[in-house]
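Below: one structure, written as structure tokens.
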Protein chains: 2
Amino acid sequence: MTDARAATIEDVARHAGVSRAAVSKVIRNAYGVSPAMRERVTAAIEALDYRPRVAARAMRGSSFTLGIELPHIGNPFFTKIVAGATAALQGTGYQLIIAPADENGDEGIRALGALADRQVDGIIAISPLVSTDWLERLGARMPVVMIGRHDRSEHYDTVTGDDASGTRLAMAHLFELGHRRIAHLTRSEDVTEPGSGTPHAIRLEEYLAAMRAAGLEDEIRVVRTGMTEDAARLDTLALFDDDRPTAIFAGNDELALGALRAVGEAGLTSADVSVVGYDDVDMASHPAISLTTIDQSGVEMGDRAIRLLLERIRDARTEPTHFSVTPVLKPRTSTRAVRAG
Amino acid sequence: MTDARAATIEDVARHAGVSRAAVSKVIRNAYGVSPAMRERVTAAIEALDYRPRVAARAMRGSSFTLGIELPHIGNPFFTKIVAGATAALQGTGYQLIIAPADENGDEGIRALGALADRQVDGIIAISPLVSTDWLERLGARMPVVMIGRHDRSEHYDTVTGDDASGTRLAMAHLFELGHRRIAHLTRSEDVTEPGSGTPHAIRLEEYLAAMRAAGLEDEIRVVRTGMTEDAARLDTLALFDDDRPTAIFAGNDELALGALRAVGEAGLTSADVSVVGYDDVDMASHPAISLTTIDQSGVEMGDRAIRLLLERIRDARTEPTHFSVTPVLKPRTSTRAVRAG
DNA sequence: CACTTGGCGTAGACCGATTTACGTCACAGC
DNA sequence: GCTGTGACGTAAATCGGTCTACGCCAAGTG
């Protein structure tokens, strides 16, 4: 209120009786600083409560900021990724900022662009809807790690779960329980475009392949829904109207929870309709829910993404690296053997 | 890969055959631009795919970035707030960035400092652990809106739920169902310090007041736990060991879900132990969970916080404003009448 | 003794935008 | 014809850091 503006490097320099460059050196721990000067400067910084403006630093140097773009912040799997990322960042001097995209496809590009405009030193992207071309160009400009995408680029790293084998685990589990009429609950076409390499696309393809391999081509049933639990709930309810399946393989846990909600609302239980999800969100293990799902360790993915990013930034690595997490089946009570008869 | 660096305002100016200042004017929609020039400059921007560097803008003007600090990103109530905030920001030209704090008290200050260093135009803070003094100083420097805090400052706005009346709703509901032995599950002392005005402090105080007013002083039982669902689960299980309460009023839904988990794991049901939460997180309404809770509309809080912030930024408002959301009881099946006998 | 060498510090260019101060031009009014 | 005025542009200062190039000095070296 009173004195207004915060101290600048100039103020610190004057206060310590040295040059701006000297202060800068001390801050950056650069070469060519005597212990005596370091002492004086540190004291001045302390005294004036000085904090370097990131915007000014970013103009020539780096911003010490990493950005992560999140579509749909409500998905608890993404928050696991963020948790892993923040943990990996402890003590590195880098700050993570999250740009929420929400909504539709263009929002992802908007959020990524916003991060780039803010001169972050590196970006973690999750949005599967952004085109490879666009990402490729972004990756040429700055370090980028893409989570959950199976295309392999020259210019960015990827961290993925093995969605194909994860889906096979889920399907094998259902087959073992005797299910034949298995529906797949997935998102809209744009996220499952064949060959696009998005997780949902691969899970869909692998579902189809598993059904065909089991000779169940006629039982194939793909249900499209939105991004939220509530959309999944409504579309699952509609699915029950005609010719109910005995099991539902959902594209992720959020959709699976919606399906489970529908099962409950329709007065059914897992004895009538089994549900398998994907991600092993925290809530899945809750005893009241007990959702069978595929664990792909979001925390490890976030951790890994940060490590790869830091390698690119600090060690100036440029050859692309691809890391894959092995999925694990978590059988719980939302799946049961199909009713005899 | 080839041409490297992105276009600057200088490039655009050269391409359009005008001065840098002219381009700047066009971008900012400032006064003194002929239609002809606007046309030429716009074309050049288009052609070069120019995007202004935020860091450079921030050095003199504003960054068009708003920051929100989130402790513990895993709490789904906070994601509701973010959802409300992003929605309110649509089309304003401002970008929201989230600084995750996680962990303990100091992390909140670290995250807020990081946002300030990044020259955001305004900050929404949720961390209840930061001292009023510190926030006061921050608020003197830049627009700040504090969510969920009942102290009234000269220098920042607040958006709160009416925690006192919300707690009264919850307790009245339990009394009505015949409960007398009601425990309160809350966080550690630092978040519930009497007089600090944090939501958890007020809920605790109001719980104590309600118990005393009902003549149940002897039944008061305050259980401390951590921040996560899992901590709540463990401490609730421990609580069951000796002399089980018939109802638990939890400080928020995340803790309530942990308590519910414990109830399930102990082989009990809501007929044995009723549970009330606070926040009305999405999962609370899931039929398998069906948690009785207090709705305080996180979405509206996020929306409101953004509006207040934009008022301070654009209209240069300086008198502090305080907005309160009225809580609503959502009775569900996690609470039942106490067993006769 | 002249000459390198390494340690320490400074001056000043630079990053890419905004903003201020000022110049020019056309036109209206007297 | 002279002057005042508003519209439109531009040059240059500025924001707060980083980084390069260079200067100075004391200690080795041949």
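These numbers come from a predicted model, not from an experiment. Reminder, nothing fancy here: chain letters follow the sequence lines and each chain counts from 1.
Shown here for A/Ala111 and A/Pro100, the closest heavy-atom pair between the two residues is CB-O, 4.3 Å. Scanning both residues, A/Ile123 and A/Ala116, for their nearest heavy atoms gives CD1-N, 4.1 Å.
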Criterion side chain to side chain contact (heavy atoms under 4.5 Å, CB included) on A/Leu66 and A/Val120, from CA distance to verdict: CA-CA 5 Å; A/Leu66 304 183; A/Val120 294; 5.9 Å; no
Audit row: A/Thr158, A/Leu308, side chain to side chain contact (heavy atoms under 4.5 Å, CB included) steps and yes/no: CA-CA 9 Å; A/Thr158 61; A/Leu308 292 179; over 6 Å; no
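Residues A/Arg110 and B/Gln95 are in side-chain contact: their nearest non-hydrogen atoms beyond the backbone lie under 4.5 Å apart.
Among the heavy atoms of the strands lying under 4.0 Å from A/Val18 are primed sugar atoms or P, OP1, OP2 only; no base atom is included.
We find that CG of A/Asn29 is positioned 17 Å from P of D/dG17, with the value rounded to whole Å.
Between the side chains of B/Ser63 and B/Gln119, not a single donor N or O lies within less than 3.5 Å of an accepting N or O. No side-chain donor from either of B/Thr65 and B/Arg118 sits under 3.5 Å from a side-chain acceptor of the other.
In this model, the phosphate group of C/dG7 is approached by a side-chain N or O of A/Tyr31 to a distance below 4.0 Å at OP1 or OP2.
At distances below 3.5 Å, at least one donor-acceptor pair connects side-chain atoms of A/Arg53 with backbone N or O atoms of A/Arg51.
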Contact state string [nucleotides 13-24 of chain C, B base, S sugar-phosphate only, - no protein heavy atom under 4.0 Å]: BBBBBBB-----
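Residues from residues 32-39 of chain B that place a heavy atom under 4.0 Å from any atom of DNA chain D, listed by number: B/Gly32, B/Val33, B/Ser34, B/Met37.
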